[in-house]
Amino acid sequence: MGKKSKYLVTAALPYANNYIHIGHIAGAYLPPDIYVRLKRLNDEELVFICGSDEHGTAIEMAALTENVTPKEIIDRYHYSNKESFEKLNIKFDIYSRTSNEIHHKTAQEFFLNLFDKNLLTQKTEKQLYSEKEKRFLADRFIIGTCPVCGFEEARGDECENCGSNLSPLELINPKSKITGDIPVEKETTLFYFPFGSYQEELSKWIDSKTDWKQNVINYCKGWFKTGLRERAITRDLDWGVKVPLENQNGKVIYVWFEAPIGYISMSKELFIEKGNPDGWKDYWFDKDTKLVHFIGKDNIVFHSIMFPAMLMAHGDYILPYNVPANEFLNFSGAKFSKSKGNGILVKDIVKIFPADVIRYALAVNFPETKDSDFTWDDLQAKNNNELAAILGNFINRTVVFAKSKFDGKIPSAEIKNENDEKILESIKLSASRVNEFIDKFRFRDGITEMMNSVRAANKYFNDSEPWKLIKSDKARCGSVINTCLEICHSIAVLINPLLPDTSKAILEILNKDESDLKWNKIGRRVLKQDTILGENKILFPQIEDSLIIRLNEEYSSKTEKLVETDETNLVSIDDFRKLELKVAKIMDCERVPKSKKLLKLKLKVGDKSKQIVAGISEYYEPEKLLGKLVVIVNNLQPSKLMGIESQGMLLAAKKNGELKIVTVEGDIEEGADVN
RNA sequence: GCCGGGAUAGCUCAGCUGGUUAGAGCGUCGGAAUCAUAAUCCGUAGGUCGGGGGUUCAAGUCCCUCUCCCGGUACCA
């Protein structure tokens with residue numbers, strides 16, 4: 001064994017304005033968790049860093065839209081996402097957040113370091129300023145008439161109607177999206193970072209990274225080809241890390257610049273927690289540290305170009321050793337999309353399936369070289385046909401056999417033969433292959449290798465035929481079962497990085513502590529004969545079709561295409577009678593978080609209550625709807641909108657940007673039929 | 001528009017600098033076995049590698065072109 005390496009592993013900082021979904025997990029969080037767990041089993045020295053990215057316009061905008069403070073937004077998503085990771089057993093050494101003071105300080109120091117070296121340039125330009133709100137408006141906060149197509153609600157950065165990319169200054173009649181205030185043009189001075197002057201050094205550096213994934217290198221080369229340009233690193237905004245200079249009121253460091261510094265500040269925080277405040281330097285300043293950034297492909301430019309350029313400019317820190325970016329995970333052929341609300345959120349899926357099942361289903365199909373596809377049917381198949389059938393079954397058949405034929409004790413292995421040693425040896429070899437694969441970020445191959453070991457174990461069981469031996473040669477049979485139990489232990493270690501809960505469960509069944517939970521113990525005999533086995537347990541219960549059918553229905557409604565209605569199409573009275581229109585009373589009403597138009601309504605229809613999600617919040621304040629009698633389609637097939645079930649449809653009239661809900665003239669008891 | 005990526009067995013995916021009969025897992029079908037969550041093990045079948053053209057002794061792999069999908073980016077004065 002040579003000198004152990006030291007690893008500084010990071011996972012992309014999730015932006016705290018949304019709940020994370022399983023696409024994120026497959027892309028940037030489960031791979032490093034497996035990687036880190038494996039390194040730990042090999043006694044490598046490492047830290048694993050992650051946390052929420054909590055600044056920037058999008059969060060401020062979400063806050064304004066919901067009429068809450070940014071702090072409320074980031075708290076909601078920070079704690080929820082942190083919990084999501086925990087539920088999936090993705091175990092960071094620290095999961096912190098960029099709103100912490102230590103991060104503000106670290107980012108400011110970083111900024112000042114570059115400023116003091118005269119590496120930053122300043123430029124003055126015109127931007128839109130709201131006198132009323134006393135601040136510059138971010139592009140997306142401005143709406144106005146599109147100069148290209150005349151659409152009246154174009155945003156400052158792009159027109160959703162014609163797709164044009166716009167600058168806010170081009171908009172005709174611009175106004176603040178939030179207050180409706182009319183902004184004025186005002187000059188502002190911002191700092192820029194000259195990426196262009198680092199292009200050559202970066203390019204050479206990337207060229208030296210021959211072992212990086214091809215997709216990452218391609219992205220970088222693409223950027224070099226178009227040429228790196230300077231980029232603003234400050235902006236006029238309240239919510240963020242303040243620019244640490246005089247006369248910079250109302251200015252913050254741009255979030256893309258400040259967020260990756262979070263890796264550094266979170267490292268500091270971790271070592272403060274450990275009672276070793278300078279410990280982070282052993283990682284960030286040591287040329288032998290392997291800094292590995294796990295990210296999704298959308299983040300490549302930041303981690304393999306911008307952040308390295310910043311680190312070069314600063315000079316003290318190490319550069320990334322590798323940036324193993326994954327592609328994207330699709331869902332049933334469609335993209336995960338926040339706006340369409342069809343992502344499978346981690347906080348939802350962990351309520352349905354055990355962490356290990358989710359981890360396995362995602363990991364065998366990591367989007368390592370191209371986008372890959374996730375389906376519920378696939379998850380079921382992976383659980384039933386692989387986890388349960390191959391892995392769970394081997395443990396179960398071994399333990400059940402030992403329990404019934406050897407008094408629940410580990411029999412002795414006195415009558416060994418070469419087959420016993422062969423299988424153990426092959427698992428040991430397999431383990432070293434797993435190690436190599438994962439070290440090269442080839443997780444899928446590594447996992448295939450793990451499962452091959454378990455297949456080999458089943459084969460050994462079959463070929464040894466202990467059910468026959470028990471009748472003819474009990475001592476030899478005991479040796480076989482002893483070996484199988486040893487294999488169970490090896491498997492527990494082997495799968496530990498991928499399936500930590502299952503690994504633990506196997507150890508419990510074997511009544512074995514974690515003292516031999518080490519990679520180099522794979523394929524070795526570590527059990528004591530005559531140990532009484534623990535309680536057996538089905539590791540992977542079958543997933544029934546009915547559950548999968550239900551999930552398919554639930555999630556397909558989110559991706560359904562809208563069917564256009566033909567206005568000239570006539571319906572018969574029978575068709576009309578299929579609709580059950582009823583009068584309902586609005587009992588409760590609230591905005592759907594992070595949605596633009598949705599209100600969640602609690603209705604009373606006769607003696608039943610109902611929940612309906614309606615897209616009317618741009619026209620009605622929730623409070624004003626309370627108590628109103630409205631008309632609803634009572635028997636509409638329920639569907640989910642942004643994860644919230646809607647059990648009907650509210651009728652409303654709409655024209656020329658006006659919308660009025662259909663109410664009842666006079667008073668009538670709710671629940672009344674409408675026809 | 002331009003740049004980049006993708007399109008390979010029923011499904012999900014591998015195939016580095018071109019080279020013998022294109023691979024894996026799951027599913028299918030057949031067999032063996034019956035300790036085990038009807039779970040295992042062995043074997044079989046399945047692909048004109050998106051369409052078309054070209055280079056080459058030889059192309060999934062290189063070139064051209066077309067179709068579809070996905071990113072990025074520009075312009076629409």
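Any value given below was found using the heavy atoms of this structure, including those in side chains, with hydrogens, waters and symmetry copies removed. Below, read A as the first sequence line, B as the second, and so on, with proteins coming before strands; counting in each chain starts at 1.
For the C1' atoms, the distance linking B:C3 with B:A77 amounts to 25 Å, nearest Å. Straight-line distance between the P atoms of B:A24 and B:A32: roughly 24 Å, to the nearest whole Å. Annotation: B:U48 and B:G60 have their C1' atoms spaced 12 Å apart (nearest Å). Between B:U20 and B:C57, the two C1' atoms lie 14 Å apart (nearest whole Å). Comparing B:A7 with B:G43, their C1' atoms are spaced 32 Å from each other, to the whole Å. Separation of the P atoms belonging to B:C26 and B:U65 is 42 Å when rounded to the nearest angstrom. Atom C1' of B:C41 sits at a distance of 47 Å from the matching atom of B:G4, rounded to the whole Å. A distance of about 22 Å separates the P atoms of B:U34 and B:G27, rounded to the whole Å.
Between A:Arg229 and B:U73, a side-chain N or O to OP1/OP2 separation shorter than 4.0 Å is absent. Close to B:A39, at under 4.0 Å from its OP1 or OP2, lies no side-chain N or O of A:Asn384.
In this structure, A:Arg525 and A:Glu421 have side chains that are in contact, with non-hydrogen atoms separated by less than 4.5 Å.
Minimum interatomic distance between A:Ile390 and A:Val454 (heavy atoms only, all atoms of both residues): O-CG1, 3.5 Å.
Taking a 6.0 Å sphere around CD of A:Gln529, one finds it holds more than 12 heavy atoms contributed by other residues, nucleotides or ligands.
Listed nucleotides B:G71, B:C41, B:A7 differ in distance to A:Lys370; the shortest reach to its side chain belongs to B:A7. Nearest to the side chain of A:Asp371, among B:U40, B:C70, B:A36, sits B:C70. Among the nucleotides B:G27, B:C35, B:C41, the one closest to the side chain of A:Asn385 is B:G27. Closest contact between the side chain of A:Ala381 and the listed nucleotides B:C13, B:G71, B:C26 involves B:C26. Comparing B:U40, B:G27, B:C13 by their nearest atom to the side chain of A:Asn393 picks out B:U40. Here the side chain of A:Ala389 is nearest to one of B:A24, B:C35, B:U40, namely B:U40. Considering only the side chain of A:Val400, B:C35 comes nearest among B:C35, B:C26, B:C42. Ranking B:U40, B:A7, B:U34 by closeness to the A:Ile390 side chain, first place goes to B:U40.
A:Asn396 contributes no side-chain N or O that forms a donor-acceptor pair with the base of B:U37 under 3.5 Å.
Stacking here means ring centres nearer than 5.5 Å and ring planes tilted less than 30 degrees, and by that measure A:Trp467 stacks onto B:C35.
With A:Phe540 as the aromatic partner, A:Lys382 does not meet the cation-pi criteria of under 6.0 angstrom to the ring centre and within 45 degrees of the ring axis.
Applying the 90° cutoff around 0 to the glycosidic angle, B:G46 is assigned syn.
Taking atom CG of A:Leu469 as the reference point, atom P of B:A33 lies 16 Å away to the nearest angstrom.
The nearest heavy atom of RNA chain B to A:Asn452 and to A:Leu539 marks one nucleotide each, and the one closer to the 5' end goes with A:Asn452. Residue-to-nucleotide proximity on RNA chain B shows that, of A:Ala388 and A:Lys297, the 5′-proximal contact is made by A:Ala388.
A:Gly222 comes within 4.0 angstrom of no nucleic acid atom, judged by non-hydrogen atoms across all strands.
Using bins of under 30°, 30° to 60° and over 60° for the plane-to-plane angle, the ring pair A:Trp376/A:Phe374 lands in the perpendicular bin. Under the 30°/60° scheme for interplanar angles, the aromatic rings of A:Trp205 and A:Trp212 are found to stand perpendicular.
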